[in-house]
Trainee: 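Handing you a structure now.
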Amino acid sequence: MSQVRVRFAPSPTGLLHIGGVRTALFNWLFARQQNGVFVLRIEDTDQSRSTEESIQAIIEGMKWVGLDWDEGPFRQTERMDLYRSHAMQLLAKGQAYWCACKAEELDARRKEAEAKGLSPKYDGRCRDRGITNPTGDAALRFKAPQEGETVVDDLIKGRIVFDNTVQDDLIILRSNGYPTYNFSVVIDDALMNITHVVRGDDHLTNTPRQIPIFQALGFSVPQFGHLPMILGSDKTRLSKRHGATSIMAYKEMGYLPEAMVNYLVRLGWSHGDQELFTRQELIEKFSWKNVQTSPAVFNPEKLLWINAEYIKVSPPAQIAQALRPLLEAAGCTEETRAISTGQLAQLVVLVKERAKTLMEMVDWVRPYLGQVVTFDEEAAKKFLTPAIAPTLGKLLACFEAFPAFSKEQWEEAFKQLVKEEGMKMGQLAQPVRVALTGRTASPGLFEVMEALGRDRTLFRLGQGIERACRA
RNA sequence: GUCCCCAUCGUCUAGCCUGGCCUAGGACAUUGCCCUUUCAAGGCAGUAACACGGGUUCAAAUCCCGUUGGGGACACCA
């Protein structure tokens, strides 16, 4: 069998959305598993809607999720001669014809047919007119088969039969000379030797339109596979109404690319009960057989859970690196630049179990940057009271007596003091927590002290006592 | 309207092809408990589904037909 060649062919009419990423991902996994080739092709034949920014957004998104392509990015607008010459071939063979109907006329006729409850398909009035010297605004139509059936043996859905009598004579070359989608995909998929065309379910009904074009041109027909759609919580097709759909929006919200990939692949594909996969496992275990046939609702809560799982197990230094720009963007520019990645990684270890996104992590890490603590007013008011000040003072004196920080020693001393004062652990722990972090919630107290170091711990404790006395 | 696809807990899904092991398993979310210096994390337990109706069969979530419901496509968009 020849080498597997698959492609991802987005149209650059907006940002790269998660549905597109999932389609790309399935293609990519299959290519990598089969030692095949993954092609990136930009379908920009609609000059009125395609933009350069969108092309950049697609490339940026693909890179972020780590879906590297082997060939391309090809742009259809750079391949116009190919489409035109093949269209002319069809014309010469009598499998295409010029159509002089005006777009507005066609529109009107379609509406009329619909109003009468008839099929809105082209009535074929130019089919046998034999126009040989078309005026500048004629379009070229493909002579679609009008009888028999077209069978698609779908990789995911199995055998699907379409009745050719409902097929339309599609326009393949617009009056402006640009090819239409259904024609340019066929030419490109054929010329690029694509072996498996895997795309969204919304293309399923395009398949019986495209197969006859492959055949008319004498190309071998690739295998097709149609992925179920991603739906929003209301079970309609996922769109902006449902929240963020652009892949880069998830980056900005603090999601990890590996988490996105893991979530997206599980949306429509499964391997028994397994939820978490390394990329290597995905490549090994992926199979069309286990791709779901029905659409899936996008569930942000599960994505959040997966992201949290990835934050917990990813190398801390890697998280630290990704965190840096977000920290700076959050206004901690100086503190962030002052800290080494190694030190930042230690903070990541400190808080990684409580942050589900990098954005949340920014907030968790903040109290450990800089010398001074920023008090949460409510927390300070509640726990840093004059009543507790003397005990905090004793604790400070006790800690100061230790020349160096030692988690075990300091914890021992802390517990000793709690006992002497006849308090409960929490009665002293909370005020100390507020003194050290400014907040009522934090990692374990002694981990916090370790992260802060002896000097800052003592400094902040002193700060807390001052605040308590003032209150 | 026509054509096509789809249908298991709220959600993602296992099981369906090759009927019995399914009084339907896992995960997210949710509820309760445990752990505990706070917040998490973790552990344990619970609530919760085969859309409906007919067949076929000794036996159906699994096979067949229909109904209903959802989605998609019917452009000189992709």
Side-chain angles (χ1 to χ4, degrees), chain A residues 9-13 43-46 48-50 99 101-103 106-107 110 113-122 137-141 152 154 157-158 160-163 165-168 170-176 178-182 184-185 200-209 226 228-229 231 233 235-237 263 266-276 289-290 292-306 308 312 351-356 364 383 411 414-415 418 424-430 432-434 437 439-446:
Chain A
S11 65
T13 53
E43 311 228 320
D44 58 349
T45 54
D46 182 355
S48 62
R49 295 201 306 154
S50 298
C99 172
C101 299
K102 302 263 183 291
L106 292 168
D107 228 39
R110 196 178 306 119
E114 267 174 43
K116 286 185 190 161
L118 297 169
S119 155
K121 83 180 228 184
Y122 177 60
D137 58 355
L140 193 67
R141 279 187 192 270
V152 180
D154 196 274
K157 306 201 183 237
I160 304 162
V161 180
F162 294 88
D163 188 345
T165 58
V166 301
Q167 294 307 325
D168 214 342
L170 297 172
I171 287 180
I172 55 177
L173 231 47
R174 294 183 254 245
S175 51
N176 66 6
Y178 277 69
T180 54
Y181 164 77
N182 276 300
S184 54
V185 254
D201 219 353
D202 47 341
H203 286 290
L204 184 59
T205 52
N206 281 328
T207 312
R209 295 181 188 133
H226 292 90
M229 305 268 86
L231 272 25
S233 51
K235 304 228 177 179
T236 64
R237 197 180 175 152
Y263 176 71
R266 278 288 289 105
L267 206 55
W269 175 82
S270 60
H271 186 265
D273 288 338
Q274 192 171 349
E275 296 288 351
L276 271 10
K289 191 174 147 280
N290 299 316
Q292 200 73 4
T293 51
S294 51
V297 174
F298 182 80
N299 182 351
E301 283 171 336
K302 185 148 184 185
L303 169 61
L304 194 60
W305 173 76
I306 288 188
K312 278 187 268 185
V351 304
K352 67 179 181 178
E353 273 167 13
R354 357 208 144 217
K356 290 185 191 297
W364 275 102
F383 291 106
E411 185 163 356
F414 187 97
K415 284 182 175 157
V418 166
K424 279 193 198 158
M425 194 65 178
Q427 288 176 290
L428 185 56
Q430 281 307 79
V432 172
R433 191 182 314 280
V434 174
T437 69
R439 309 179 183 186
T440 54
S442 83
L445 221 41
F446 303 96

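All chains are named by letter (A, B, ...) in the order of the sequence lines, taking the proteins before the strands, and each is independently numbered beginning at 1. Atoms considered below: every heavy atom in the structure, side chains included; atoms not considered: hydrogens, waters and symmetry mates.
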Trainee: Which nucleotide, in any strand shown, forms a Watson-Crick or G-U wobble pair with B/C52, with both distances under 3.5 Å?
Mentor: B/G66
Trainee: Look at the side chain of A/K302 and decide which nucleotide, out of B/C28, B/C4, B/G1, has an atom nearest to it.
Mentor: B/C28
Trainee: Using a heavy-atom cut-off of 4.0 Å across all strands, would you classify A/G200 as base, sugar-phosphate, or nothing?
Mentor: nothing
Trainee: Considering only side-chain heavy atoms of A/A429, which listed nucleotide, B/G71, B/C76, B/U37, is closest?
Mentor: B/U37
Trainee: Taking any strand in view, what nucleotide pairs with B/U57 in a Watson-Crick or G-U wobble way, both distances under 3.5 Å?
Mentor: none
Trainee: So, is A/K356 near the phosphate of B/A41, with a side-chain N or O under 4.0 Å from OP1 or OP2?
Mentor: yes
Trainee: Checking all strands, does A/F162 fall into the base, sugar-phosphate, or nothing category for heavy-atom contacts under 4.0 angstrom?
Mentor: sugar-phosphate
Trainee: What is the minimum heavy-atom distance between A/V297 and A/S233, and which atoms define it?
Mentor: CG1-CA, 3.8 Å
Trainee: Any N or O donor-acceptor pair under 3.5 Å from the base of B/G25 to the side chain of A/D273?
Mentor: yes
Trainee: Write down the distance between CG (A/D46) and P (B/A78), rounded to a whole number of angstrom.
Mentor: 5 Å
Trainee: So, does A/K312 use its side chain to make a donor-acceptor pair with the main chain of A/E353 at under 3.5 Å?
Mentor: no
Trainee: With a non-hydrogen cut-off below 4.0 angstrom, is A/T440 in contact with a base, only sugar-phosphate, or nothing?
Mentor: base
Trainee: Report yes if at least one side-chain N or O of A/T293 is closer than 4.0 Å to OP1 or OP2 of B/A7; otherwise report no.
Mentor: yes
Trainee: Select base, sugar-phosphate, or nothing to describe what A/L445 touches, counting heavy atoms under 4.0 Å on all strands.
Mentor: base
Trainee: Roughly, in whole Å, what's the span from CH2 in A/W364 to P in B/A41?
Mentor: 10 Å
Trainee: Do A/N206 and B/A78 share a donor-acceptor pair, side chain to base, under 3.5 Å?
Mentor: yes
Trainee: Heavy atoms under 4.0 Å, any strand shown: does A/D168 hit a base, just sugar-phosphate, or nothing?
Mentor: nothing
Trainee: State which of B/A41, B/U13, B/U37 makes the closest approach to the side chain of A/M425.
Mentor: B/U37
Trainee: What's the closest nucleotide to the side chain of A/E43 if the choices are B/C12, B/A78, B/A41?
Mentor: B/A78
Trainee: Measuring from the side chain of A/W305 (C-beta onward, heavy atoms only), which nucleotide among B/C39, B/A29, B/A14 has the closest atom?
Mentor: B/A29
Trainee: Please state how far atom CG in A/N182 lies from atom C1' in B/A73, giving the value in whole angstrom units.
Mentor: 11 Å
Trainee: OP1 or OP2 of B/A40 sitting under 4.0 Å from any side-chain N/O of A/K312?
Mentor: no
Trainee: Does a donor on one side chain and an acceptor on the other come within less than 3.5 Å for A/T165 and A/D163?
Mentor: yes
Trainee: In this structure, how many angstroms lie between the P atom of B/C39 and the CZ atom of A/R354, rounded?
Mentor: 11 Å
Trainee: Watson-Crick or G-U wobble partner for B/G42, using a 3.5 Å limit on both distances?
Mentor: B/C34
Trainee: Starting from P on B/A73, measure out to NE2 on A/H226 and report it in whole angstrom.
Mentor: 12 Å
Trainee: At less than 4.0 Å, is any side-chain N or O atom of A/T13 found next to OP1 or OP2 of B/A78? Yes or no.
Mentor: no
Trainee: Salt bridge check, A/R209 against A/D168: does any charged N sit closer than 4.0 Å to a carboxylate O?
Mentor: no
Trainee: Considering only side-chain heavy atoms of A/S294, which listed nucleotide, B/A7, B/C4, B/C5, is closest?
Mentor: B/A7
Trainee: Rounded to whole Å, please give me the gap between CG in A/L267 and P in B/A27.
Mentor: 19 Å
Trainee: So what does A/S184 hit on the nucleic acid, given a heavy-atom distance under 4.0 Å: a base, only sugar-phosphate, or nothing?
Mentor: nothing
Trainee: When you measure from the side chain of A/A296, which nucleotide among B/C12, B/A78, B/C39 comes out closest?
Mentor: B/C12
Trainee: Starting from C1' on B/A75, measure out to CG on A/L170 and report it in whole angstrom.
Mentor: 10 Å
Trainee: With nearest nucleotide decided by heavy atoms, which residue, A/D202 or A/K235, maps closer to the 5′ end of RNA chain B?
Mentor: A/K235
Trainee: Does A/Q274 place a side-chain N or O at less than 4.0 Å from the phosphate oxygens OP1/OP2 of B/U13?
Mentor: no
Trainee: Using purine N1 to pyrimidine N3 plus N6-O4 or O6-N4 for Watson-Crick, or N1-O2 and O6-N3 for G-U wobble, both under 3.5 Å, which nucleotide pairs with B/G1?
Mentor: B/C74
Trainee: A/E275 CD to B/U11 C1': how many Å, rounded?
Mentor: 12 Å
Trainee: Check whether any side-chain nitrogen or oxygen of A/K121 sits under 4.0 Å from OP1 or OP2 of B/A75, and answer yes or no.
Mentor: no
Trainee: Now, which nucleotide makes the Watson-Crick or G-U wobble pair with B/A27, with each of the two distances under 3.5 Å?
Mentor: B/U11
Trainee: Measure from the side chain of A/S442, starting at C-beta and using heavy atoms only, and say which of B/A27, B/A73, B/U38 lies closest.
Mentor: B/U38
Trainee: Is A/T205 side chain donor-acceptor paired with the B/C3 base, going by distance under 3.5 Å alone?
Mentor: no
Trainee: Identify which nucleotide among B/A78, B/A41, B/C6 has an atom closest to any side-chain atom of A/E353, counting heavy atoms from C-beta outward.
Mentor: B/A41
Trainee: Counting side-chain heavy atoms from C-beta on, which of B/A14, B/G26, B/U38 comes nearest to A/R266?
Mentor: B/G26
